[in-house]
Amino acid sequence: MTCDPRVLRRPLLVGLIPAVWTVVLGLWGLSRHNSVWRDEAATWQVARRSTGDIVRMLEHVDVVHSLYYLCMHGLFAGFGPSTTVLRLPSVLAVAAAAACVALIGHRLAGAYVGLGAGLVLGLLPAVQFYLQEGRPYALVAAGSAVSTLLLVNALRGRARKRAWAAYACAVLVCGWLNWLALLILPAHLITLLWSRAPRGVRVRWAVAAGAATAGVLPLALFSLDQSGQVSWVPPLTWHMMIGPAILLAIGGLGGLLGRRTGTGTGTAERTGAAGRTDRTGRADRTDLADRAGRPGPVTGSPSVAAVGLPLLAVPQLGLIGLSLVKPLFVDRYILFSLLGLALLIGALIGRAVDEVARRSRPAARCVLPVLVAVALVALLPQSLAKRSPASRVDDVLAAAERTRQLKHDGDGVLFIPAARRDTWLVTPDAFTGTRDIALAETPEESGTLKGVEASPARVRAAMLAQRRILLVTDATGVARPTRGRRDRTKAEVLATHFTLVSDERIRGRRVAVYERLAPAGGG
């Protein structure tokens, strides 16, 4: 298998091939054996609420994901809740990002760089994880890729007013999906300065970036009142820096070694009548670029390194800086930075193609397919692992199904902590005939994710009135120490007044059945 020279002359195919490749990767094992973990359960249960209930909830929690929840509500309303509807938007978003990355690489350094970058993106382990995730991070990556492509077009002298308006809209949408996406703006600023962009381009960028920031600022300020939601994020430690350091090292290597990849499409793209050569035997790259269907280089056009390195490094370093003020360092918040890594790896692939082309042009056409195949095989164990239920902390649907099998009509149900109520909220029919004995206000009534529970005294009384109680909680190894007086009361009453008759651990969750030691009401 080799790269058909006709593909290299068609920019549309250079973008389309990585997009289709990414969709195939995304559809592979999309249901994860019909499993849904706790983060996706939040999306699922919120998307099933009415628009009014969602807006009421956003006043108290998760306003940072407001746009995403409303979009998913529309999809669930139109197509019904399922793992496919939950995750397909992420698959399509990463596919769009791969197409944009391929076009960026193609316009900056040739078709081999573009194809390599676009195909690599979907293979990156972190991207494979969020490629099939019912959360907004893949959508942020897609918007970031679109905005970067628009910026590259502007630097190559192809931006009109509506292109800058589109840039501002892309950044605005990214910010409304997660305001940390605004870290892409300093990355783009560095690209502008590195590329010595004309003053007019810099001014138009500043106006577009300012408009997008102003549009996101109210969301960011409002979300500060809900900052307790990220209280689970641990403080920054040195070992947390290992991952970013490795990424930056790989990116730096790509920028260093790939810097000599030609501004045209590379020597390997010579097809039919070869490009003209000078007295030293070197190909006329401008002629080759024209023959490959790509315009020649534009004065001021940035290098791959000028686009890819800031896109990779700035969000990583920016999030580290923010985390010194408040712990926020979670890699998914800056998933879009891996667009830069893909571009830099694409530059390495382009360099490899050029080196092989000096010895054999036909062999050079095999370099990209061979490298992708090797990467696919090497990453196969990880790819399979990320498509299994075990790749996530827990499985809401598995716990709900086991509850369905164990329940008896009239059973009471308890959740420790209250957030494990998502098992019921995602699959309410699995709990038909049972009663949530701790719940005082439903999530919809209270405008919360997990509802409001009664006082410890009332929870205790409700438990003692039950003959049989089902407990849904975290499995050992996943569970955190019991916090809060209410949860301690639940655990104390179960240990003192009930006996454990069934205890099963299912994919990170625990479903236990307790029966009263004495007649109900015996205290």
Side-chain angles (χ1 to χ4, degrees), residues 35-46 49 57 60-62 65 135 226-234 327 330 392-403 406-407 411-428 430-431 434-464 466 469-498 500 502-514:
S35 65
V36 171
W37 77 297
R38 60 181 62 176
D39 278 18
E40 292 180 309
T43 300
W44 188 300
Q45 58 112 337
V46 172
R49 301 184 189 185
M57 184 205 76
H60 304 97
V61 66
D62 259 2
H65 299 314
R135 298 299 281 170
Q226 301 177 0
S227 59
Q229 282 187 263
V230 292
S231 60
W232 58 270
V233 179
V330 182
R392 270 63 174 178
V393 171
D394 56 11
D395 182 359
V396 176
L397 297 184
E401 183 57 33
R402 192 59 188 134
T403 302
L406 293 172
K407 71 177 182 180
D411 284 350
V413 180
L414 284 177
F415 301 95
I416 300 178
R420 298 297 79 78
R421 186 169 282 108
D422 56 6
T423 315
W424 165 55
L425 296 171
V426 170
T427 318
F431 292 81
T434 66
R435 185 170 70 91
D436 188 339
I437 56 179
L439 189 64
E441 289 184 74
T442 66
E444 291 82 1
E445 292 168 344
S446 60
T448 62
L449 277 172
K450 58 189 178 184
V452 174
E453 295 191 335
S455 66
R458 290 194 175 187
V459 171
R460 176 186 176 86
M463 291 177 66
L464 293 175
Q466 290 293 138
I469 291 177
L470 273 74
L471 171 68
V472 179
T473 185
D474 293 319
T476 305
V478 175
R480 297 179 180 179
T482 301
R483 297 179 180 177
R485 185 180 166 196
R486 190 177 292 106
D487 284 346
R488 288 196 297 270
T489 296
K490 295 175 189 176
E492 182 271 326
V493 172
L494 286 174
T496 305
H497 299 281
F498 288 79
L500 182 65
S502 176
D503 190 357
E504 300 190 27
R505 288 158 178 77
I506 308 102
R507 296 179 182 173
R509 296 218 169 173
R510 176 179 166 229
V511 179
V513 180
Y514 289 84

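In this chain, residues are counted from 1 in sequence order.
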Aromatic ring pairing Phe498/Tyr514, orientation class (parallel under 30°, perpendicular over 60°, tilted between):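 Because their plane-to-plane angle is over 60°, the rings of Phe498 and Tyr514 count as perpendicular.
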Identify the two heavy atoms, one from [X] and one from [Y], that lie closest to each other, and give their separation to 0.1 Å.
{"X": "Thr448", "Y": "Gly451", "answer": "OG1-N, 2.9 Å"}
{"X": "Phe415", "Y": "Arg420", "answer": "CD2-O, 3.3 Å"}
{"X": "Leu500", "Y": "Ala512", "answer": "CD1-CB, 3.7 Å"}
{"X": "Leu406", "Y": "Asp411", "answer": "O-OD2, 4.4 Å"}
{"X": "Ala475", "Y": "Arg505", "answer": "CB-CG, 4.2 Å"}
{"X": "Val233", "Y": "Pro327", "answer": "O-CB, 3.4 Å"}

Residue pair Ile437, Ile469: steps toward the side-chain contact (heavy atoms from CB on, under 4.5 Å) verdict: CA-CA 9 Å; Ile437 56 179; Ile469 291 177; 3.9 Å; yes
Check: Asp422/Gln45 side-chain N/O donor and acceptor closer than 3.5 Å: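 No, no side-chain donor-acceptor contact under 3.5 Å.
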Arg509 side chain to Thr423 side chain, donor-acceptor N/O pair below 3.5 angstrom: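 Per modelled atom types, Arg509 and Thr423 side chains form a pair under 3.5 Å.
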With Thr473 via side chain to side chain contact (heavy atoms under 4.5 Å, CB included) - residues at least two apart: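 Once residues adjacent in sequence are excluded, the partners of Thr473 under the side chain to side chain contact (heavy atoms under 4.5 Å, CB included) criterion are Ile416, Leu471, Arg510.
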Residues forming a side chain to side chain contact (heavy atoms under 4.5 Å, CB included) with Ala418, sequence neighbours excluded: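 Side chain to side chain contact (heavy atoms under 4.5 Å, CB included) check on Ala418 returns Arg421, Lys450, Glu453.
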Contacts of type side-chain hydrogen bond (donor to acceptor under 3.5 Å, both in side chains), residue Arg435, not counting sequence neighbours: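 Listed in chain order: Gln466.
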Option passing salt bridge (charged side-chain N to carboxylate O under 4.0 Å, His left out) with Asp395 (candidates Arg38, Arg507, Arg402):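 The option that passes is Arg507.
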